[in-house]
Amino acid sequence: MSADLTARVSSVPTAESSPLDEEDDYKPFVAGKVLGAQLRYLRRSKGLAIKDVAPQIRASVSKISRMERGESPPREQDVLDLVRHYGVEAPEQIEEILELIQRAKARSWLHQYSDITPGWLRRLIGLEDSATEIRTYETQLVPGLLQVPDYTRAVIKAARPDATEEEMRRRVELRRLRQQLLDREGRPQLVALLDEAILRRPTGGPRVMCQQLRYLRRAATLDRINIRIVTFEKGASIGPGVPVTHLAFAANGPSEIIYLEQLNSALYLSKRADVESYRLVLDELAYAAESRRTSLKLLDDAIKKYASADTF
């Protein structure tokens, strides 16, 4: 957690000094983190360990730990029982905590797709929604935030060949909704470092690839989106061989996080040493990547190749 966030939760704020403003209404993940940080501060200020307070709500130590990390929607009565145990009684402080609870539990579009979205992916979507900067290095596929629907469909079909047409439609729609964060005001800075292999792999065939690369070409010229190509020659000695995503957040968000996606799961790394190691890898890749101008030319060359192939 950032030092600034720690300072902000050093006392339970009143309604007039809420750590969340109106623009954070759509960020239940951030609200959960702030609420968890407050619970942790209040417990520690009383000199209590997690094992000391768990019996107050008939909970396990692990449940209290998850609440303090903001990893699951809080149960209102549990939170109120805890804060009153910590001595919080002022009506305005209780009102503020209730507001945080409601924001943390706020339903969003993502809940409609919970049946096709594993927990590790829901967590990533919540993190993306709260991030101020997303830096990603991809080795095989265009990043999900930059995929066009036909490309997404081809990726899903390859991974789930037995998916029904309805499941396919919903998964494509989920990806599209996830991408909306790049269109809103206050969107995160996105730096996408793409291995050259992505341009050479005809995912979905020449027509789909042509469509996808043209979209990347347009996106690469937009404000707050930086798309760079890491060529085989320059990336051979430093590329980690697996996709890596680094997410950074504003002062009222979580600590920096490294996301490593695997076949059917993902790793989230937040320890400073781990984050620093992968951040340095991304720095090296960014240094080795082609300039924005050269990257655009590489995209243009690939578009011409696929456009030509699609005419036959």
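This one's a predicted model, so the numbers in the text were calculated from it and none came from an experiment.
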As a quick check of understanding, evaluate side-chain contact (heavy atoms from CB on, under 4.5 Å) for Leu48 and His85, giving each step before the final call. CA-CA 11 Å; Leu48 299 171; His85 180 65; 4.0 Å; yes
State plainly whether the residues Asp78 and Lys63 are in salt-bridge range, i.e. N to O under 4.0 Å. yes
CZ of Arg200: more than 12 outside heavy atoms within 6.0 angstrom? no
Does Ser277 use its side chain to pair, donor to acceptor, with the backbone of Ala273 at less than 3.5 Å? yes
Is there a side-chain contact between Pro243 and Glu261 (heavy atoms, below 4.5 Å)? no
Contact check, side chains of Leu35 and Ile97, non-hydrogen atoms, under 4.5 Å: yes
With distance as the sole test, does Gln189 use its side chain to make a donor-acceptor pair with the main-chain N or O of Thr132 at under 3.5 Å? no
Cationic N near anionic O, under 4.0 Å, Glu196 to Lys234: no
Is it true that Val142 and Ile156 fall in one hydrophobic cluster, defined by side-chain heavy atoms closer than 4.5 Å? no
Can you list the steps and then say if Leu199 with Asp301 is a side-chain contact (heavy atoms from CB on, under 4.5 Å)? CA-CA 10 Å; Leu199 306 188; Asp301 291 344; over 6 Å; no
Sidechain-backbone polar pair: Thr221 side chain, Arg218 backbone, donor-acceptor under 3.5 Å: yes
Distance-only, no hydrogens or angles: does the Arg201 side chain make a donor-acceptor pair with backbone N or O of Gln140 under 3.5 Å? yes
Would you call Pro143 and Leu194 a side-chain contact if the rule is heavy atoms closer than 4.5 Å? yes
Please tell me if the side chains of Arg75 and Met67 come closer than 4.5 Å, counting only heavy atoms from C-beta onward. no
Does this structure show an ion pair linking Arg170 with Glu173, if we count only N-O contacts that are shorter than 4.0 Å? no
Spell out, yes or no, whether Ile258 and Val191 are grouped together once hydrophobic residues are joined by side-chain heavy atoms under 4.5 Å, including indirect joins. yes
Does Tyr278 have more than 12 heavy atoms from other residues, nucleotides or ligands lying within 6.0 Å of its OH? no
So if you build clusters from Ile, Leu, Val, Met, Phe, Trp, Tyr with side-chain heavy-atom gaps below 4.5 Å, do Val79 and Val61 land together? yes
Shortest non-hydrogen separation from Ala131 to Pro188 and the atoms involved: O-CB, 3.4 Å
Can we say Arg169 and Glu166 salt-bridge, meaning some charged N sits less than 4.0 Å from an Asp/Glu carboxylate O? yes
Please report the shortest heavy-atom distance between Thr231 and Glu290, naming the atom on each side. CG2-OE2, 3.6 Å
Walk me through whether Ser65 and Ile50 qualify under side-chain contact (heavy atoms from CB on, under 4.5 Å). CA-CA 7 Å; Ser65 181; Ile50 291 179; 4.2 Å; yes
Enter the distance from Arg187:CZ to Arg224:CZ here, rounded to the nearest 0.5 Å. 7.0 Å
In this structure, CG of Leu121 is separated from CG of Asn264 (nearest 0.5 Å) by 12.0 Å
Just how far is it from atom CG of Leu98 to atom CG of Leu80, taken to the nearest 0.5 Å? 5.0 Å
Determine, stepwise, if the pair Asp150 / Arg207 fulfils salt bridge (Lys or Arg N to Asp or Glu O under 4.0 Å). CA-CA 10 Å; Asp150 284 347; Arg207 182 190 63 80; 3.4 Å; yes
Minimum-distance pair of heavy atoms, taken over all atoms of Glu68 and Arg40: O-NH1, 2.9 Å
Heavy-atom closest pair, residues Arg292 and Ile225: NH2-O, 2.8 Å
For residues Cys210 and Ile303, determine if any side-chain heavy atom of one lies less than 4.5 Å from a side-chain heavy atom of the other. yes
Pairwise side-chain contact, Ser45 with Tyr86, heavy-atom cut-off 4.5 Å (strictly under): no
Quick check against the 3.5 Å criterion: does Glu95 have a side-chain atom that pairs as donor or acceptor with the backbone of Ala90? no
Should the pair Trp120 and Tyr259 be assigned to parallel (<30°), tilted (30 to 60°) or perpendicular (>60°) ring geometry? parallel
Provide the closest heavy-atom pair for Ser60 versus Ser62 in the form atom of the first, atom of the second, distance. OG-OG, 2.9 Å
Polar side-chain atom of Arg171 near backbone of Ile116 as donor-acceptor pair, under 3.5 Å: yes
Value rounded to 0.5 Å, distance of CG in Leu181 from CG in Leu190: 8.5 Å
Nearest-0.5 Å distance, CG of residue Leu193 to OG1 of residue Thr136: 8.0 Å
Point-to-point distance, once rounded to the nearest 0.5 Å, from CD of Glu256 to CG of Asp274: 12.0 Å
Could you tell me whether the side chain of Arg228 and the main chain of Ala286 form a donor-acceptor pair under 3.5 Å? yes
Using modelled atom types and a 3.5 Å cut-off, is there a donor and acceptor pairing between side-chain atoms of Gln56 and backbone atoms of Leu82? no
Given side-chain contact (heavy atoms from CB on, under 4.5 Å), test Thr203 with Met209 step by step and report yes or no. CA-CA 6 Å; Thr203 302; Met209 278 302 296; 4.2 Å; yes
Using a 3.5 Å distance criterion without hydrogens, assess whether the side chain of Arg122 forms a donor-acceptor pair with backbone atoms of Thr117. yes
If you take all heavy atoms of Ile57 and Asp81, which pair is closest and at what distance? CG2-CB, 3.7 Å
Would one find more than 12 heavy atoms of other residues, nucleotides or ligands at under 6.0 Å from atom CZ of Arg160? no
Taking everything shown except Gln262 itself, do over 12 heavy atoms lie less than 6.0 Å from its CD? yes
Would you call Ile238 and Val281 a side-chain contact if the rule is heavy atoms closer than 4.5 Å? no
Leu124-Leu260 co-clustered via ILVMFWY side chain contacts under 4.5 Å: no
If you define the side chain from C-beta out and look only at heavy atoms, does anything of Leu127 sit under 4.5 Å from Phe249? yes
Keeping Arg153 on the side-chain end and Met168 on the backbone end, is there a donor-acceptor pair under 3.5 Å? no
Group every Ile, Leu, Val, Met, Phe, Trp and Tyr by side-chain heavy-atom contacts under 4.5 Å, then state whether Leu247 and Tyr137 land in the same group. no
